[in-house]
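Here the structure comes first, spelled out in structure tokens, and everything after it is commentary.
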Protein chains: 2
Amino acid sequence: MNSLNEENYLKALLNLSLADGEVNVKDLSKHLNIKMPSVTSMMKKMAEKGWVHYESYKPLRLTEQGKKEAALIIRKHRLTEMFLVEKMGFRWDEVHDIAEQIEHVKAPEFFAKMDELLEFPKFDPHGSPIPDKNGTLVWATWVKLSECEPGDEVKIVAVTKSSEEFLKFLNSREIALGLEMTIISIEPFDKSMVVRYKNHEAETLSATVCERLLVSK
Amino acid sequence: MNSLNEENYLKALLNLSLADGEVNVKDLSKHLNIKMPSVTSMMKKMAEKGWVHYESYKPLRLTEQGKKEAALIIRKHRLTEMFLVEKMGFRWDEVHDIAEQIEHVKAPEFFAKMDELLEFPKFDPHGSPIPDKNGTLVWATWVKLSECEPGDEVKIVAVTKSSEEFLKFLNSREIALGLEMTIISIEPFDKSMVVRYKNHEAETLSATVCERLLVSK
DNA sequence: GTAAATAGTTAGACTAGACTAACAATTATT
DNA sequence: AATAATTGTTAGTCTAGTCTAACTATTTAC
Ligand SMILES: [Mn+2]
Ligand SMILES: [Mn+2]
Ligand SMILES: [Mn+2]
Ligand SMILES: [Mn+2]
């Protein structure tokens, strides 16, 4: 049985390894708010368990087993977020911290029931994909808003690095999943975008914001 | 912030102290499946925190503070059980172990929302009272079925010591909360009861069972 | 290519919470 | 009252998981 701490390390490892599958001790340490020596010793333990490939001074990599374990926790997290929003009436900016705790509940029936009541959702309230029961996680091939061109008509499909403050900012601008917008112009010097949607004729979005919005064209 | 372990001790203390408010180290140890020396040392720690009165070789007693903390956890447990049954479609014999985990979630909004969606229930699916937000717990003045007489017409209002096996036994006999039954006779030598209800003309219930069913007349 | 900066590891200490073995107090039995 | 059984405590050990201080390897800068 995996401990709560091990589960948090697994999740962090998967979240940080989306690019090339490699994770630095430093980044993991920062992400978990745990000092580097503690991280090193946990990595040795998790290597014993067959969840990470660990070699001194080399970057960390999850094993296939480790990826699967991690994805199954993320599955519980995202199903919970979806349940909280769809069945309990929470807003998308309220659910992360609650799900952060409930994801550690050991009761397959509980998550199976959520899944069923939600009719087997594929995405969470922030547009992130929900891994399937086997721990298979497919990231859809969305593109960042920041990579689009003036004139493009796009639809918001997901939000990355969705902190509570960021989600509240989006709420305040009436930006939500499914929203369609047109890119009017891009400011060359700071890469901010001016966009049009609904009754917002010319809203300016900073590069930071555009980096975190995923869209389909 | 109270740790998960402390919370389990608190709950056990309250559950075991319903009679005179006193709890033995032995009983607590057995209930929690933790050896006596570990219990003693935790009691010293909890005495420091102001949750129990502890004196060497004397029975344990919760302080007012301790009772309140304990009741608030039991509140979360019972609200959760009710939510699982009423809003998620679990049976009453399936919910205890799940609630046992969710009761430790630190997110007042989450339990407040359950409470609201359930329209502020006063009892859990087993008929046990749900403590209020201030940690006040009132046990209704129900009477045990075992204390009733032949000829009495009673209604089942709660189930105590409701293990999964016991609840499944009740399911198999179609006994549920709200059921009305008439006591036909009591076998003098083993105190078993013969009762009539619904289409059950003469069902025999052992003394063990009758001890655990609470009724109103 | 050496020096400085950064990243990672080792060693050793600490806390929470468990355990066993040995001992002490209390309660029950004769 | 003396003895036996039961209950509770003390002392010391262990594991998981964290930390700081000191050291080492790797990377970056000149
Ligand atoms: Mn989340
Ligand atoms: Mn999410
Ligand atoms: Mn219960
Ligand atoms: Mn209950």
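To find a chain, count down the sequence lines: A is the first, B the second, and so on, and within it residues start at 1. Basis for what follows: all heavy atoms, side chains included, without hydrogens, waters or symmetry-related copies.
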Pair up each side-chain donor or acceptor in residues 135-147 of chain B with any protein partner under 3.5 Å, not counting sequence neighbours, and list the distances.
residue	atom	partner	partner atom	Å
B:Lys144	NZ	B:Glu211	OE1	3.3
B:Ser146	OG	B:Glu211	OE2	3.2

Show me the donor-acceptor pairs, under 3.5 Å and distance only, between side chains in residues 16-24 of chain B and residues at least two apart or in other chains.
residue	atom	partner	partner atom	Å
B:Ser17	OG	B:Leu13	O	3.0
B:Ser17	OG	B:Leu14	O	3.2
B:Asp20	OD1	B:Glu22	N	3.2
B:Asn24	ND2	B:Asp27	OD2	3.1

Kindly list each side-chain donor-acceptor pair under 3.5 angstrom involving residues 48-62 of chain A, sequence neighbours excluded, with atom names and distances?
residue	atom	partner	partner atom	Å
A:Lys49	NZ	A:Glu6	OE1	3.2
A:Lys49	NZ	A:Glu6	OE2	3.2

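What separates CD of B:Glu48 from C1' of C:dT15 is a distance of 15 Å, to the nearest Å. We find that CG of B:Leu4 is positioned 12 Å from C1' of C:dA16, with the value rounded to whole Å. In this entry the distance linking CE of B:Met42 with P of C:dA16 reads 10 Å, nearest Å. For the pair B:Glu22 CD and C:dT26 P, the interatomic distance rounds to 15 Å; values are reported in whole Å. Atom NZ in A:Lys35 sits roughly 22 Å away from atom P in D:dA16 (whole-Å rounding). As a whole-Å value, the separation of A:Met46 CE from D:dA16 C1' is 14 Å. In this structure, CG of B:Leu60 is placed 8 Å from P of D:dG8, rounded to the nearest angstrom. As a whole-Å value, the separation of B:Met43 CE from C:dA16 P is 15 Å.
Taking A:Val85 as the reference, A:Val95, A:Pro125 meet the side-chain contact (heavy atoms from CB on, under 4.5 Å) condition, with sequence neighbours excluded. Qualifying side-chain contact (heavy atoms from CB on, under 4.5 Å) partners for A:Asn33, counting only residues two or more places apart in sequence or in other chains: none.
The residue B:Ser3 sits close only to the backbone: its heavy atoms come under 4.0 Å of sugar-phosphate atoms, none of a base.
For the OP1/OP2 pair of D:dT18 and a distance below 4.0 Å, the side-chain nitrogens and oxygens of A:Tyr9 include at least one atom meeting the criterion. Under 4.0 angstrom from either OP1 or OP2 of C:dA18 there lies at least one side-chain N or O belonging to B:Asn5.
For the pair A:Glu69 and A:Glu7, the minimum side-chain heavy-atom distance is 4.5 Å or more.
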Anything under 3.5 Å between a protein N or O and an N or O of nucleotides 5-8 of chain C, put it in a table, one pair a line.
residue	atom	partner	partner atom	Å
C:dA7	OP2	A:Lys26	NZ	2.7
C:dG8	OP2	A:Lys26	N	2.7

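Ring centroid separation for the pair B:His96 and B:His77 comes in under the 6.0 Å cut-off.
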